[in-house]
**Q** 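Can you read through this structure? Questions will come right after.
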Amino acid sequence: MGTPVAQGTYQPASSRLAFAAAHVVADPLGDNSPGAPAVVDWEHTLEFRRHLWSLGLSVAEAMDTAQRGMGLDWAATQELIRRSAAEAPDGRIAVGAGTDQLAADNNSLEDVVAAYEEQFSVAEAAGAQPIMMASRALCAVAESADDYRKVYDRLLTQSSRPVILHWLGPMFDPALEGYWGNGSFDAALKTVVELINDNIEKVDGIKISLLDASKEVALRNQLPDGVRLYTGDDFNYPELIRGDGQRHSDALLGIFAAIAPAAAAALRALDSNDLETYERVFAPTVPLARQIFSAPTYYYKTGIAFLAWLNGFQPGFTMVGGLQTGRSLPHLADTFRLADQAGVLTNPELAVDRFRQLLRVSGIDA
C-alpha cells in the first residue's frame, strides 16, 4: 500500500476558491431501492461535510454528486440543504437550486421559473449561496436560446445575492443535450457570455463541466472582470486551477470529495507558489479521477461513495436509489488501486479490510 497524503486542520486556500461537491450517505436500514424516496443517514452525511470543512474546503451542497435526479428527491434535498447550511462555518457553502421537483414532461417555461423560484427560496432561507443548476425541464421545453434568456434573466434579476451558474454537459446528464438552445458550443458560448454580461452584478461565477479544457479556457477568456470560472472538469483540474499566467479557474468539483486531503495539500502549495509540490501532489490523482468519471460519466457518484466507505466515512457501501450497482467490480478494483497510488486511502488497513469484504460478498475468495 502507498503512503497516504498527510491530513490536518487547515484554513481555506487564499489563492483559489475551492468547493468540494459532496455526496449523501444512504441509511443502510432505509428503503433506498431504485425509485423509492431517499432515506439519508444524516449523522454520517454531515460528518463527511465536517471533514471537508476541516481541510479548508468549502462544500457545494445538493449538486449532481449528491444524486440530484438520480435518487435524491426534492423533499430530502430541502432537508439536506437546511442541515448542511446550519453547520457550515463562515458561510462556506453553496447549494444547488434546480427544477427537479417537476414531473418529467408537460411543463411550460412558467413552470420552470416557478420551480427555480421555490428552490432559490430554500437556498435563501438557509443563508446559502445559490448555484443555478442546469435544468432538464428547461432543456425539454425551451425552443431557442431566447427561452433560456427569459428564464435566466428573470431568476437572476430576482435573486437577493450573486449566483453561481452551472453549465453541465450531456456526458454528466444526457437529458441536457443542446443546453442553451443550440448544439454548437460556439453558439452556446455566445449565449452564456451575453447572459453574464447583461447580469454581471448578479453573477458570482459559472461552473462549467464539459471535460474539455479548451472549452473551459475559451469561456474563461471571455468572462468579464470579477466573474469567476469554477472548473468542473474532473479530468483536467490541475492545469485549469493553476492557470496560464493570465487567468486561472477556481474549483467546484466532485472529485475533490474523493481526493480531499490531496486537494487541500495542493492548494496550500499553490498559495506558497510551490508549483513543484502542487504538481507532485495532484499528478497521481488525475488517473483516479479519470477512472471515477469514465463513461458512462453519470455513474461517477458510485466511485465517490465507494471511496468514502473505504475511508470509514460511512458504515456500508450503499447509496440512495441503489446506485452502488452503477459500477462493476473490476471498475471498483481499479478505483481502489488508483486511490492507493494517489495517497487518498487515509486508513490503508481499513480500506484493505473493507475491499476484501466486498470481494467476498461478490463471490471472490480474498
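Along the sequence shown, residues are numbered consecutively beginning with 1.
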**Q** Taking atom types as modelled and ignoring hydrogens, do the side chains of Asp274 and Ser272 form a donor-acceptor contact shorter than 3.5 angstrom?
**A** no

**Q** Less than 6.0 Å separating the ring centroids of Phe235 and Phe293?
**A** no

**Q** From Gln119 CD over to Gln101 CD, what is the distance, rounded to the nearest 0.5 angstrom?
**A** 4.5 Å

**Q** Return yes if a side-chain donor-acceptor contact under 3.5 Å exists between Trp53 and Glu87, otherwise no.
**A**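 No donor-acceptor contact under 3.5 Å links the two side chains.
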
**Q** Are the side chain of Lys301 and the backbone N or O of His23 linked by a donor-acceptor pair below 3.5 Å?
**A** no

**Q** Over 60° means perpendicular and under 30° means parallel, so tell me whether Tyr278 and Phe282 are parallel, tilted or perpendicular.
**A** perpendicular

**Q** Carefully, step by step, assess Phe336 and Phe355 under the rule ring pair (Phe, Tyr, Trp, His ring centres under 6.0 Å).
**A** CA-CA 8 Å; Phe336 173 81; Phe355 187 60; 4.5 Å; yes

**Q** What distance separates Thr65 OG1 from Leu72 CG, expressed to the nearest 0.5 Å?
**A**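 Interatomic distance, Thr65 OG1 to Leu72 CG, rounded to 0.5 Å: 11.5 Å.
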
**Q** Rounded to the nearest 0.5 Å, how far apart are CG of Leu323 and OG1 of Thr318?
**A**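 Taking CG in Leu323 and OG1 in Thr318, the distance rounds to 11.5 Å.
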
**Q** Before accepting this row, confirm whether a basic side-chain N of the pair Asp234/Arg290 lies closer than 4.0 Å to the acidic partner's carboxylate O.
**A**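 So Asp234 does not pair with Arg290 through a salt bridge.
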
**Q** For residues 166-187, which residue pairs pass the salt bridge (Lys or Arg N to Asp or Glu O under 4.0 Å) check, not counting sequence neighbours?
**A** Arg136-Asp173

**Q** Can you confirm whether the side chains of Thr231 and Ser249 place a donor and an acceptor under 3.5 Å from each other?
**A** no

**Q** For ring pair (Phe, Tyr, Trp, His ring centres under 6.0 Å), just list the numbers for His51 and Phe313, CA-CA rounded to whole Å, side-chain angles, deciding distance to a tenth of an Å, and then say yes or no.
**A** CA-CA 9 Å; His51 162 68; Phe313 289 111; 4.4 Å; yes

**Q** Please walk me through it: do Glu110 and Lys150 pass salt bridge (Lys or Arg N to Asp or Glu O under 4.0 Å)?
**A** CA-CA 10 Å; Glu110 283 300 317; Lys150 291 174 185 176; over 6 Å; no

**Q** So is Lys207 actually on top of Tyr230's ring, under 6.0 Å and inside 45° of the axis?
**A**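 Pair Lys207/Tyr230 does not count as cation-pi.
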
**Q** Under 6.0 Å between the ring centres of Trp180 and Phe185?
**A**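 For Trp180 and Phe185, the ring centres are not under 6.0 Å apart.
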
**Q** Would you verify whether the NZ or CZ of Arg268 falls within 45 degrees of the ring axis of Tyr10 while also being under 6.0 Å from that six-membered ring's centre?
**A**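 Yes.
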
**Q** Are Asp100 and Arg68 ion-paired here, with the side-chain N under 4.0 Å from a carboxylate O?
**A**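 So Asp100 pairs with Arg68 through a salt bridge.
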
